[in-house]
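Working notes, beginning with the structure itself.
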There are 2 protein chains.
Amino acid sequence: MKLEKTFGETVKKLREERGLPLREVAEALQIDTSMLGKIEKNNRKPTKQHIEKFASYFKVSEKDLMISFLSDTVVYQVMDEEDLSTEILKVAEEKVKYIINQKTATQ
Amino acid sequence: MKLEKTFGETVKKLREERGLPLREVAEALQIDTSMLGKIEKNNRKPTKQHIEKFASYFKVSEKDLMISFLSDTVVYQVMDEEDLSTEILKVAEEKVKYIINQKTATQ
DNA sequence: TTCATTTTGGACTACTTCAGTCCAAAGATA
DNA sequence: TATCTTTGGACTGAAGTAGTCCAAAATGAA
């Protein structure tokens, strides 16, 4: 699975590789066809349940899909301040490391 | 300025270093005292305008405050999936690099 | 202790955002 | 042509959020 792609592009490709129409996938996953179309176009966010359904339906790693989606949301957030984006991510990484360290240190 | 601290902790320290009560800073910045207290406790998000005011009032770098705040929000987001957080940030960084590259390449 | 001031947090309102649905138009295919 | 798929606008109800106000709790000084 290519992670450079957005979540929507990833899901769309999975569907098209299998030659399936939106309607059929939407029906199988019990979501509205229009919703699915919007998710593929990144106009609607998938819920965690959606991601679970995608993973099991397309037989791909749920973890990878999660990473694909959540990294999208992070990118979207930091691109508001494009010139600071790289620095923001670096600081965020340090903070995450710090937090995880704190946790394991006190267990 | 230490960036490991949260935005709220950073602002609180700036205020306490100067020995000022919430009331006085809030008044100068034209925000509700209770709001300021909540921002210091990370119970309310500052707006961009708030951050500008903090920077000019305390005479610190607006950019650093921005990074402090936005990295907090990123951390908050990825810690929802703690075990994936580091990977999410790595992928996000790649995507940001890719996007910025695309942009400069086509200019 | 008492009094004054600061800090905290609950409750509320108004506003915004967003998931999800439905439908109709546009596009594609045969 | 007719049929199926894709797209997006419009809407609703729910959830989230900024900001305000007030009162209780905490702090500190005399």
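Since the structure is predicted, the reported quantities are computational estimates derived from the model, not experimental observations. Every chain is numbered from 1, with letters handed out A, B, ... down the list of sequences.
Relative to the side chain of B/Ser34, the nucleotides C/dG10, D/dG19, C/dA19 differ in distance, and C/dG10 lies closest. When distances run from any side-chain atom of B/Lys12 to the nucleotides C/dT8, C/dT21, C/dG20, the shortest one goes to C/dT8.
Here the side chains of A/Arg15 and A/Phe58 are in contact, with some heavy-atom distance below 4.5 Å. B/His50 is not listed as a side-chain neighbour of B/Lys45, based on a closest heavy-atom distance of 4.5 Å or more.
Computed from coordinates, the B/Leu22 CG to D/dT27 P distance equals 14 Å when rounded to whole Å. To the nearest angstrom, P of C/dT7 lies 15 Å from CD1 of B/Ile39. Rounded to an integer number of Å, the gap from CG of B/Leu29 to P of D/dG19 is 13 Å. With rounding to whole Å, A/Glu27 atom CD is found 14 Å from D/dT5 atom C1'. To the nearest angstrom, C1' of C/dA19 lies 10 Å from NZ of A/Lys38. One can place CG of A/Asp32 at 15 Å from C1' of C/dC18, the figure rounded to the nearest angstrom. B/Met35 has its CE atom 13 Å from the P atom of D/dC21, to the nearest Å. Protein atom CG of A/Leu36 is 13 Å distant from nucleotide atom P of D/dT5, rounded to whole Å.
When the side-chain nitrogen and oxygen atoms of A/His50 are compared with OP1 and OP2 of C/dG20, one or more of them lie within a distance under 4.0 Å. Taking 4.0 angstrom as the limit, A/Arg44 places none of its side-chain polar atoms (N or O) nearer than this to OP1 or OP2 of C/dT17. Between A/Lys41 and the phosphate of D/dT7, there is a side-chain N or O to OP1/OP2 separation shorter than 4.0 Å.
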* Intermediate values then yes/no, side chain to side chain donor-acceptor pair (under 3.5 Å), A/Thr6 and A/Asp72 -> CA-CA 6 Å; A/Thr6 64; A/Asp72 273 7; 4.6 Å; no
* Go through the steps for A/Gln77 and B/Thr73 under the test side chain to side chain donor-acceptor pair (under 3.5 Å), then give the verdict. => CA-CA 9 Å; A/Gln77 228 186 68; B/Thr73 70; 2.6 Å; yes
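At a threshold of 4.0 angstrom between heavy atoms, the contacts of B/Lys45 are confined to the sugar-phosphate backbone, with no base atom among them. B/Arg23 comes within contact range of the sugar-phosphate backbone alone, with a heavy-atom separation under 4.0 Å but no base atom that close.
For A/Glu9 and A/Lys41, the salt-bridge test fails: no basic side-chain N is under 4.0 Å from an acidic carboxylate O.
Each of B/Gly37 and A/Ile31 was assigned the nucleotide of DNA chain C with the nearest heavy atom; the assignment lying further toward the 5' end belongs to B/Gly37.
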